Trainee: 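One structure, pasted below without further comment.
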Amino acid sequence: MKKLLPYFLFLLFPAVSFGQAANYRALADTAFNRHEYYTAAYYYKHIIDGTTIASKNSVPFSAAKKGTSKKETTNQYIVYHLAESYRLYKDYTDATIWYTKMSKEGSLEQYPLTPLWYGICLQANGNYDEALVQLKQFAGSSPDPKYVEFANKEIASCQYALKQLEHPRAVDVSPLVFLNKDQGDYALTVNLGRYWFTSSRMVDKDKFYTNRVYSSAILDSTKALATNFNVFDKEGQIEYATPALDGTGTKMYLTRWYKKNGKTVSAIYLSQLVSSIWQQPVRLNSTVNAEGYNSKHPFVSADGKRLFFSSDRPGGEGGDDIWESNLDDTGQPKTVSNLGNTVNTPYDEQSPYYDVADKVLFFSSTGFTGMGGFDVYRSDGDFGHWSVPVNLGYPVNSSKDDLYYSLDPTNANKFYLSSARGSDCCLSLFTGQYKFLYISGRVIDCRNNTGMAGARVILKDPNVKMGLVAKVTDANGDYVFQVKEKLPSYKLEISQKGYFTKVVPAPIVKPGIDTLINPEICLQNYKVNVQIVIENIYFDFGNAHLRADSYNTLDKLVAIMNDNPKIKIELGSHTDGIGSDAGNLKLSQARAEACVDYLLLQGIKSARITARGYGKKMPIAPNKLPNGKDNPAGRQLNRRTTFTVKSAE
């Protein structure tokens with residue numbers, strides 16, 4: 001963690017003269033290859049700082065070309081690896097400084113991934129427009145399809161983020177200033193009125209910053225107590241984190257990890273509360289902790305029967321996936337299953353939280369379109385049936401990592417979040433409060449524009465099969481929904497017996513607006529086997545060629561068919577009285593079929609539509625005046641297209 005380095009680096013690093021650049025490079029490369037990136041950055045930076053005053057006042061190297069010196073090539077190597085070390089340590093601010101130098105003066109031939117990682121760092125710092133320039137440059141020039149796919153994913157994320165910043169969600173997110181110590185605080189949950197979280201703060205006679213589980217009755221750091229498992233100091237620098245407690249508060253699942261041969265080894269453990277003392281954590285069996293793989297981030301249901309967790313074990317989609325396990329009465333896993341490729345991606349999914357009451361899974365992922373880094377998503381469902389994950393949007397998510405989303409058990413609109421926003425290294429604890437939004441309007445009858453009482457209005461999310469909530473309009477035809485989350489996909493399904501059902505985008509009113517906006521939505525009535533005239537359907541004179549200015553009208557008919565999937569209709573065509581019966585019948589049949597063909601092209605199934613030409617057999621106005629002269633106005637009314645509901649079930 002960058003903020004902590006000055007206090008303990010010299011406890012870890014051997015005393016080496018700053019002038020010994022070769023030794024520093026060996027140490028830096030070793031640390032880099034062992035994935036100890038903050039140590040690598042420390043040594044790479046001192047190599048650069050050890051250059052002469054002259055070289056420090058000039059550019060660190062020149063663009064690689066014929067005749068490039070060995071020193072310039074070496075400098076490029078150091079600067080690139082320094083940038084990489086900062087990025088992989090998630091210090092995107094310092095990483096950007098050195099990627100900027102590489103971008104301007106480095107060799108793309110030697111370091112072709114520079115614009116990609118430069119763009120990722122710009123994205124993490126919230127500089128989305130600049131990030132798009134770098135990412136698009138890379139995507140347009142790289143021959144590596146794997147990295148191009150990744151760049152295109154992040155381009156979509158940058159574009160998504162820019163839209164989110166223009167239209168943020170109605171939610172307040174703020175740091176828990178009295179609980180954070182700015183040394184890595186994360187994974188807060190509430191159990192039986194007590195706050196449980198993880199922190200790497202030093203306590204007592206600590207020599208190192210070590211992750212421990214803390215709890216507090218109030219959101220105050222001075223009252224937070226480290227959980228003593230009676231084994232912490234005996235086993236060396238072992239980390240405990242991400243506590244998850246069952247509804248009784250007597251079983252705690254947590255992540256325990258340590259370093260072994262330069263690798264981090266993590267597993268999920270269970271500690272039980274006996275006589276007010278937390279017992280030594282016991283590693284869960286191999287059903288969850290597959291040998292040779294990492295498991296972490298447990299979440300246990302209140303009844304103690306289900307465990308969700310993250311793991312890189314085989315059988316997933318790649319990277320860390322979300323898994324679930326059924327638990328026996330002792331709290332040990334009996335089964336394990338992957339949540340599948342709706343939730344999991346080839347990238348990383350972590351920190352699951354399952355709201356049993358509403359059947360909603362919250363988790364963080366780097367595999368979907370988002371703001372940058374880990375974003376929080378929600379997926380509705382249960383037992384292997386999950387909806388497509390939805391990003392919770394800005395400001396719940398930020399350009400940095402956002403993880404460990406959990407709900408407050410006493411306030412449905414309040415949540416907790418761990419986020420790296422505002423930090424160069426570390427997660428901190430945040431809380432959020434959803435502000436109520438209103439979805440309101442009025443349903444009217446298209447015939448007379450009067451309010452329609454008793455119409456059924458269902459608020460829907462197309463990503464969820466079932467409606468979210470339903471209302472019935474009042475005497476004036478009005479309805480109001482109160483929601484805590486602004487989803488751009490909200491739809492309203494409005495229905496009334498004897499009227500065509502209509503599905504429309506939901507009008508959302510933001511908080512703080514005194515007067516509710518009441519857009520009017522009219523429903524059109526119908527009766528089975530009664531023709532309805534369709535206005536503005538045009539054909540070229542004397543033939544069945546459907547003119548383009550008719551498409552808009554037919555598109556409205558397509559919408560009716562889509563919104564009312566059970567109805568079957570007849571499309572009819574009528575002519576005026578000029579011409580022979582046979583000619584008019586043939587022409588009208590061809591015109592009706594032209595309209596049907598258009599609907600078929602829009603995806604309406606042929607079994608739901610019948611074409612019928614009526615010729616001049618069913619006039620609705622006289623083709624001639626009483627004096628026998630031609631009646632152009634009457635003939636125009638007779639040249640019409642109709643649709644008739646033949647069945648509604």
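Counting begins at 1 with the first residue of the sequence. Since this is a predicted model, take the numbers as computed values, not measurements.
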Trainee: Hey, are Asp380 and Lys359 close enough for a salt bridge, meaning a charged N less than 4.0 Å from a carboxylate O?
Mentor: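 Here Asp380 does not pair with Lys359 in a salt bridge, since their nearest N and O are not under 4.0 Å apart.
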Trainee: Please examine the side chains of Ser174 and Thr431, heavy atoms only from C-beta on, and report whether any two atoms are closer than 4.5 Å.
Mentor: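 With C-beta onward as the side chain, the pair touches.
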Trainee: If you define the side chain from C-beta out and look only at heavy atoms, does anything of Phe481 sit under 4.5 Å from Val469?
Mentor: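 They are in side-chain contact.
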Trainee: So among Pro298, Ser364, Ser406, which one has a side chain to side chain contact (heavy atoms under 4.5 Å, CB included) with Ser351?
Mentor: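 Among Pro298, Ser364, Ser406, the one that satisfies the side chain to side chain contact (heavy atoms under 4.5 Å, CB included) with Ser351 is Ser364.
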Trainee: Who passes salt bridge (Lys or Arg N to Asp or Glu O under 4.0 Å) against Lys305, sequence neighbours left out?
Mentor: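 With neighbours one apart ignored, the set is Asp329.
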Trainee: Can you name the side-chain hydrogen bond (donor to acceptor under 3.5 Å, both in side chains) partners of Thr330, sequence neighbours left out?
Mentor: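 For Thr330, the residues satisfying side-chain hydrogen bond (donor to acceptor under 3.5 Å, both in side chains) (neighbours in sequence not counted) are Asp328.
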Trainee: Got a second to check how far Ser365's OG is from Asp375's CG, nearest 0.5 Å?
Mentor: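 Here the interatomic distance stands at 8.5 Å.
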Trainee: So, does Ser325 use its side chain to make a donor-acceptor pair with the main chain of Arg306 at under 3.5 Å?
Mentor: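 It does not hold such a pair.
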Trainee: Should Lys163 and Tyr160 count as side-chain neighbours, where that means a heavy-atom distance under 4.5 Å?
Mentor: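 Heavy-atom side-chain distance check fails, nothing below 4.5 Å.
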Trainee: Is the distance between the ring centroids of Phe368 and Tyr377 less than 6.0 Å?
Mentor: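 Yes, the ring of Phe368 comes within the 6.0 Å limit of the ring of Tyr377, centre to centre.
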Trainee: Where do Tyr434 and Asp172 land on the side-chain hydrogen bond (donor to acceptor under 3.5 Å, both in side chains) test, with the steps shown first?
Mentor: CA-CA 7 Å; Tyr434 287 102; Asp172 291 322; over 6 Å; no
Trainee: Once you round to the nearest 0.5 Å, how far does CG of Asp321 lie from OG1 of Thr345?
Mentor: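 Those atoms lie 7.0 Å apart.
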Trainee: Would you call Asp355 and Arg378 a salt bridge, using N to O less than 4.0 angstrom?
Mentor: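 Answer for the salt bridge query: no.
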Trainee: Sub-3.5 Å donor-acceptor pair from the side chain of Ser379 to the main-chain atoms of Val343, do we have one?
Mentor: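 It does not hold such a pair.
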Trainee: Is it true that Phe362 and Tyr405 have ring centroids separated by less than 6.0 Å?
Mentor: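 Here the rings of Tyr405 and Phe362 have centres that are less than 6.0 Å from each other.
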Trainee: In the structure I gave you, are the side-chain heavy atoms of Val282 and Ser271 within less than 4.5 Å of one another anywhere?
Mentor: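 The answer is no, as the side chains (C-beta and beyond) never meet within the 4.5 Å cut-off.
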Trainee: Among all residues two or more places apart in sequence or in another chain, which pass the salt bridge (Lys or Arg N to Asp or Glu O under 4.0 Å) test with Lys400?
Mentor: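 By the salt bridge (Lys or Arg N to Asp or Glu O under 4.0 Å) rule, Lys400 matches no residue at all.
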Trainee: Between Thr473 and Gly454, is there a donor-acceptor pair closer than 3.5 Å when you use the side chain of the first and the backbone of the second?
Mentor: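 Pair found, side chain donor or acceptor close to backbone of Gly454.
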Trainee: After noting the C-alpha distance and the side-chain angles of Phe430 and Tyr416, does the key distance pass the ring-ring contact (aromatic ring centres under 6.0 Å, His included) rule?
Mentor: CA-CA 6 Å; Phe430 288 77; Tyr416 301 100; over 10 Å; no
Trainee: Give, for atom OG of Ser286 and atom CZ of Arg313, the distance between the pair rounded to the nearest 0.5 Å.
Mentor: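 Output value for this atom pair is 8.0 Å.
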Trainee: Could you give the distance from CG (Asn397) to OH (Tyr394), rounded to the nearest 0.5 Å?
Mentor: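 Nearest 0.5 Å value for the CG-OH distance: 11.0 Å.
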Trainee: Given 3.5 Å as the limit, does a donor-acceptor pair link the side chain of Gln350 with the main chain of Leu403, or not?
Mentor: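 Between the backbone of Leu403 and the side chain of Gln350 there is no qualifying donor-acceptor contact (under 3.5 Å).
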Trainee: Please assess Tyr240 against Phe229 for the test ring-ring contact (aromatic ring centres under 6.0 Å, His included), listing each intermediate value before the final yes or no.
Mentor: CA-CA 10 Å; Tyr240 291 92; Phe229 296 109; 5.2 Å; yes
Trainee: Given side chains that start at C-beta, do those of Leu245 and Leu192 come closer than 4.5 Å, heavy atoms only?
Mentor: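 Not in contact.
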Trainee: Is there a donor-acceptor contact under 3.5 Å from the side chain of Lys90 to the main chain of Cys426?
Mentor: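 The answer is no, because no donor-acceptor pair under 3.5 Å joins these two groups.
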Trainee: What residues form a ring pair (Phe, Tyr, Trp, His ring centres under 6.0 Å) with Tyr186, not counting sequence neighbours?
Mentor: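 Once residues adjacent in sequence are excluded, the partners of Tyr186 under the ring pair (Phe, Tyr, Trp, His ring centres under 6.0 Å) criterion are Tyr404.
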Trainee: With sequence neighbours left out, write down each residue that passes ring pair (Phe, Tyr, Trp, His ring centres under 6.0 Å) with Tyr214, or none if nothing qualifies.
Mentor: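 Listed in chain order: Phe197.
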Trainee: Between Asn191 (side chain) and Trp196 (backbone), is there a donor-acceptor pair under 3.5 Å?
Mentor: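 Answer holds: no.
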Trainee: Is a donor on one side and an acceptor on the other found under 3.5 Å between the side chain of Thr198 and the backbone of Thr242?
Mentor: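 Indeed, once roles are kept as given, a pair shorter than 3.5 Å links the two residues.
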Trainee: Could you work out, with ring pair (Phe, Tyr, Trp, His ring centres under 6.0 Å) as the rule, every residue matching Phe32, not counting sequence neighbours?
Mentor: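 Result, ring pair (Phe, Tyr, Trp, His ring centres under 6.0 Å) vs Phe32: Tyr37, His81.
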Trainee: Report the residues that fulfil salt bridge (Lys or Arg N to Asp or Glu O under 4.0 Å) with Arg201, sequence neighbours left out, ordered by chain and then residue number.
Mentor: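 In terms of salt bridge (Lys or Arg N to Asp or Glu O under 4.0 Å), with neighbours along the sequence ignored, Arg201 is linked to Asp185.
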Trainee: Can you name the ring pair (Phe, Tyr, Trp, His ring centres under 6.0 Å) partners of Phe308, sequence neighbours left out?
Mentor: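 Phe308: ring pair (Phe, Tyr, Trp, His ring centres under 6.0 Å) contacts with Tyr354.
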Trainee: Mind checking what makes side-chain hydrogen bond (donor to acceptor under 3.5 Å, both in side chains) contact with Thr250, not counting sequence neighbours?
Mentor: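 Applying side-chain hydrogen bond (donor to acceptor under 3.5 Å, both in side chains) to Thr250 gives Thr248.
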Trainee: State which residues pass side-chain hydrogen bond (donor to acceptor under 3.5 Å, both in side chains) with Tyr269; sequence neighbours excluded, sorted by chain then number.
Mentor: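 Applying side-chain hydrogen bond (donor to acceptor under 3.5 Å, both in side chains) to Tyr269 gives Arg256.
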Trainee: Would the distance check show the side chain of Asp348 and the main-chain N or O of Gly367 forming a donor-acceptor pair, the cut-off being under 3.5 Å?
Mentor: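 Not at all, since once roles are kept as given, no pair shorter than 3.5 Å links the two residues.
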Trainee: Short question: side chain of Glu239, backbone of Asn211 - any donor-acceptor pair under 3.5 Å?
Mentor: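 Answer holds: yes.
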Trainee: Which residues pass the side-chain contact (heavy atoms from CB on, under 4.5 Å) test with Ser495, not counting sequence neighbours?
Mentor: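 Here the qualifying residues are Arg456, Thr501.
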Trainee: Do Leu492 and Ile458 come close enough that some side-chain heavy atom pair is under 4.5 Å?
Mentor: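 No, too far: nothing below the 4.5 Å cut-off.
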Trainee: Determine whether Tyr438 and Val480 make a side-chain contact, defined as any pair of heavy atoms from C-beta on separated by less than 4.5 Å.
Mentor: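 Counting from C-beta outward, Tyr438 and Val480 do come under 4.5 Å.
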Trainee: Salt bridge (Lys or Arg N to Asp or Glu O under 4.0 Å) with Arg421: which residues, sequence neighbours excluded?
Mentor: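 Checked Arg421 against salt bridge (Lys or Arg N to Asp or Glu O under 4.0 Å); matches are Asp402.
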